[in-house]
Amino acid sequence: MDFAAVLLEWYEKNGRELPWRKSGHPYEIWLSEVILQQTRMEQGLDYFERFLEAFPTVEALAAASQEQVLRQWQGLGYYSRARNLHKSAQQVVSERGGRLPGSSKEWLRLKGVGSYTAAAIASMAFNEDLPALDGNVYRVLARVFAIEHSIDSAAGKRHFEELATNLLPRGRAGAFNQAMMDFGSLVCRPVHPLCVQCMIQPMCEAFARDRVHDYPRRKGKKQPVDRYFYYFLFYWEEPPGAKQFFVQERDKKGIWQHMFDLPLMESSVKISDETVFTHADWRFVFGLEGWRQEQQPVDLKHLLTHRRIHARFYPVRVSGQARRALHQRYQQTSREDFHELPKSRLLERFISRLWS
DNA sequence: AAGACGGGGTC
DNA sequence: GACCCAGTCTT
């Protein structure tokens with residue numbers, strides 16, 4: 001038996017039961033594929049259910065505000081996925097009367113739908129004969145056929161695409177693509193692959209050479225850029241017991257666009273706590289001078305680091321003049337209202353830890 | 001072609 | 001705490 005036949009046989013017994021596989025609705029498949037870009041199944045499943053409940057149809061999604069959409073996406077990361085999905089839903093409704101695209105070529109025209117997602121949707125929803133190459137597929141092919149091409153080069157991608165096209169059994173693209181992905185995440189896993197119980201193992205070139213962990217090949221990784229975020233929670237109580245504080249909406253470029261966070265000073269280098277409060281450019285935070293007299297002793301909480309983002313968090317009680325000055329630059333909110341705003345996971349953790 | 005974009009996982 | 005994962009858009 002050839003590779004595709006063994007794989008499909010495995011899939012019939014071991015394929016995962018997923019909500020969007022049952023329904024077969026293009027809208028649900030589209031939504032699931034966008035959520036699962038760069039995201040693990042276990043993490044994305046709840047988001048899929050809640051998102052579909054909030055926006056059951058493409059019309060409902062198009063009619064929602066961006067803030068509502070982002071709030072459903074909160075905590076998932078890569079928020080441009082949500083913004084593109086929203087934009088594309090509006091495009092489908094306004095330009096196509098709510099009728100979803102019927103071919104991969106049409107899907108490709110939508111924002112947030114690239115070559116992988118277009119092929120995945122078209123093969124699953126319409127059984128179009130097209131391979132969908134995601135990270136799982138690259139890994140499986142690289143191992144089974146001991147492919148030396150790097151998966152992060154244009155030439156390498158073309159090579160994998162050609163190989164997958166040749167392997168694809170005509171008329172069974174939907175099952176084949178899903179089988180590849182399930183097999184890649186359940187058996188041919190990135191670390192600790194289950195070679196001992198793998199049905200493909202007899203024909204796996206990497207296994208034969210005892211080189212499973214050398215595939216897929218990649219070019220060298222680059223150094224991540226460090227960004228240091230110094231957040232300020234300027235707060236007061238009014239009336240007593242009801243905490244109020246300032247937030248801002250990030251509406252420019254860069255990370256977390258259109259999401260809410262706290263007044264912030266960013267630096268490309270690490271700054272000590274003392275330096276933040278003595279030498280930093282406070283005008284950037286306050287928009288005014290003459291605020292220093294209002295500053296209270298700082299209760300420094302915790303430090304949280306991300307792979308690239310390093311964030312520190314300073315609660316500062318403010319009153320009177322400083323509050324009026326800050327009002328000109330930031331929006332006021334309360335604990336309860338803040339809960340309803342779209343915000344990053346990072347900030348969510350800051351706030352909940354501070355006021356838990 | 002290279003970099004930006006998040007969050008969670010492992011060891 | 002360092003490293004891994006890997007679709008799409010932007011530059």
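Keep in mind that the numbers below use all heavy atoms, side chains included, and drop hydrogens, waters and symmetry copies.
In the set B:dA1, B:dA2, C:dA6, the nucleotide with an atom closest to the side chain of A:Arg139 is C:dA6. The side chain of A:Ser344 has B:dG7 as its nearest neighbour among C:dC5, B:dC11, B:dG7. With B:dC5, B:dA4, C:dT8 as the choices, the nucleotide that has an atom nearest any side-chain atom of A:Arg227 turns out to be B:dC5. The side chain of A:Lys111 lies closest to C:dC9, out of C:dC9, B:dG7, B:dG9. The A:Thr117 side chain lies nearest to C:dG7 when the options are B:dG7, C:dC9, C:dG7. In this structure, the nucleotide among B:dC5, B:dG8, B:dG7 sitting nearest to the side chain of A:Arg349 is B:dG8.
Note: CZ (A:Arg308) to C1' (C:dC4) measures 13 Å, nearest angstrom. Atom CH2 in A:Trp30 sits roughly 13 Å away from atom P in C:dT8 (whole-Å rounding). For A:Phe160 and C:dG7, the CZ to C1' distance is 16 Å, given to the nearest whole Å. Between the CG atom of A:Leu108 and the C1' atom of C:dG7 there is a distance of 12 Å, given to the nearest Å. Taking atom CG of residue A:Leu110 and atom C1' of nucleotide C:dC9, one finds them 14 Å apart after rounding to whole Å. In this structure, CH2 of A:Trp73 is placed 13 Å from C1' of B:dG7, rounded to the nearest angstrom. What separates CG of A:Leu85 from P of C:dC9 is a distance of 12 Å, to the nearest Å. In this structure, A:Arg40 atom CZ and B:dG9 atom P are separated by 7 Å, rounded to whole Å.
Contact annotation: A:His192 does not reach the phosphate of B:dT10 (side-chain N/O to OP1 or OP2, under 4.0 Å). Between A:Lys219 and B:dA1 there is no side-chain N or O to OP1 or OP2 distance below 4.0 Å. OP1 or OP2 of C:dC5 lies within a sub-4.0 Å distance of a side-chain N or O belonging to A:Arg218.
Residue-level contact check: A:Tyr79 touches the backbone only, with heavy atoms under 4.0 Å from sugar-phosphate atoms and none from bases. No engagement by A:Val34 is indicated, since no non-hydrogen atom pair under 4.0 Å with the nucleic acid exists. The residue A:Lys157 sits apart from the nucleic acid: no heavy atom pair falls under 4.0 Å.
Of all non-hydrogen atoms in A:Asp182 and A:Gly15, the two that sit nearest each other are OD2-CA, 3.5 Å.
Across the P atoms, B:dG6 and C:dT11 are found 15 Å apart, a figure rounded to whole Å. For the P atom pair drawn from B:dC11 and C:dA6, the interatomic distance equals 15 Å after rounding to whole Å. Taking the C1' atoms as reference points, C:dC9 lies 23 Å from B:dG8, given to the whole Å.
Remark: A:Arg217 is positioned above the aromatic ring of A:Tyr215, its terminal NZ or CZ atom under 6.0 angstrom from the ring centre and at most 45 degrees off the axis. For the pair A:Arg50 and A:Tyr47, the cation-pi test (distance below 6.0 Å, angle within 45°) is passed.
Considering A:Phe350, A:Tyr231, A:Tyr230 as possible partners of A:Phe313, the one that fulfils the ring pair (Phe, Tyr, Trp, His ring centres under 6.0 Å) test is A:Phe350. For the ring pair (Phe, Tyr, Trp, His ring centres under 6.0 Å) test with A:Trp73, the passing option among A:Trp256, A:Phe55, A:Tyr78, A:Phe51 is A:Phe51; the others fail.
Each of A:Pro190 and A:Lys253 has a nearest nucleotide on DNA chain C; the 5'-most of these lies closest to A:Pro190. Residue order along DNA chain B, read from the 5' end via each residue's closest nucleotide, puts A:Ala154 first among A:Gln257 and A:Ala154. Each of A:Arg345 and A:Asp152 was assigned the nucleotide of DNA chain B with the nearest heavy atom; the assignment lying further toward the 5' end belongs to A:Asp152.
Donor-acceptor pairing under 3.5 Å, judged by distance alone, is absent between the side chain of A:Tyr116 and the base of C:dG7. Side-chain atoms of A:Gln38 come within donor-acceptor range of the base of C:dG7, with a qualifying N/O pair under 3.5 Å.
Between A:Arg250 and A:Asp261, at least one side-chain N (NZ, or NE/NH1/NH2) sits under 4.0 Å from a carboxylate O, which counts as a salt bridge. Electrostatic pairing of A:Arg323 and A:Glu238 counts as a salt bridge here, judged by a charged N lying under 4.0 Å from a carboxylate O.
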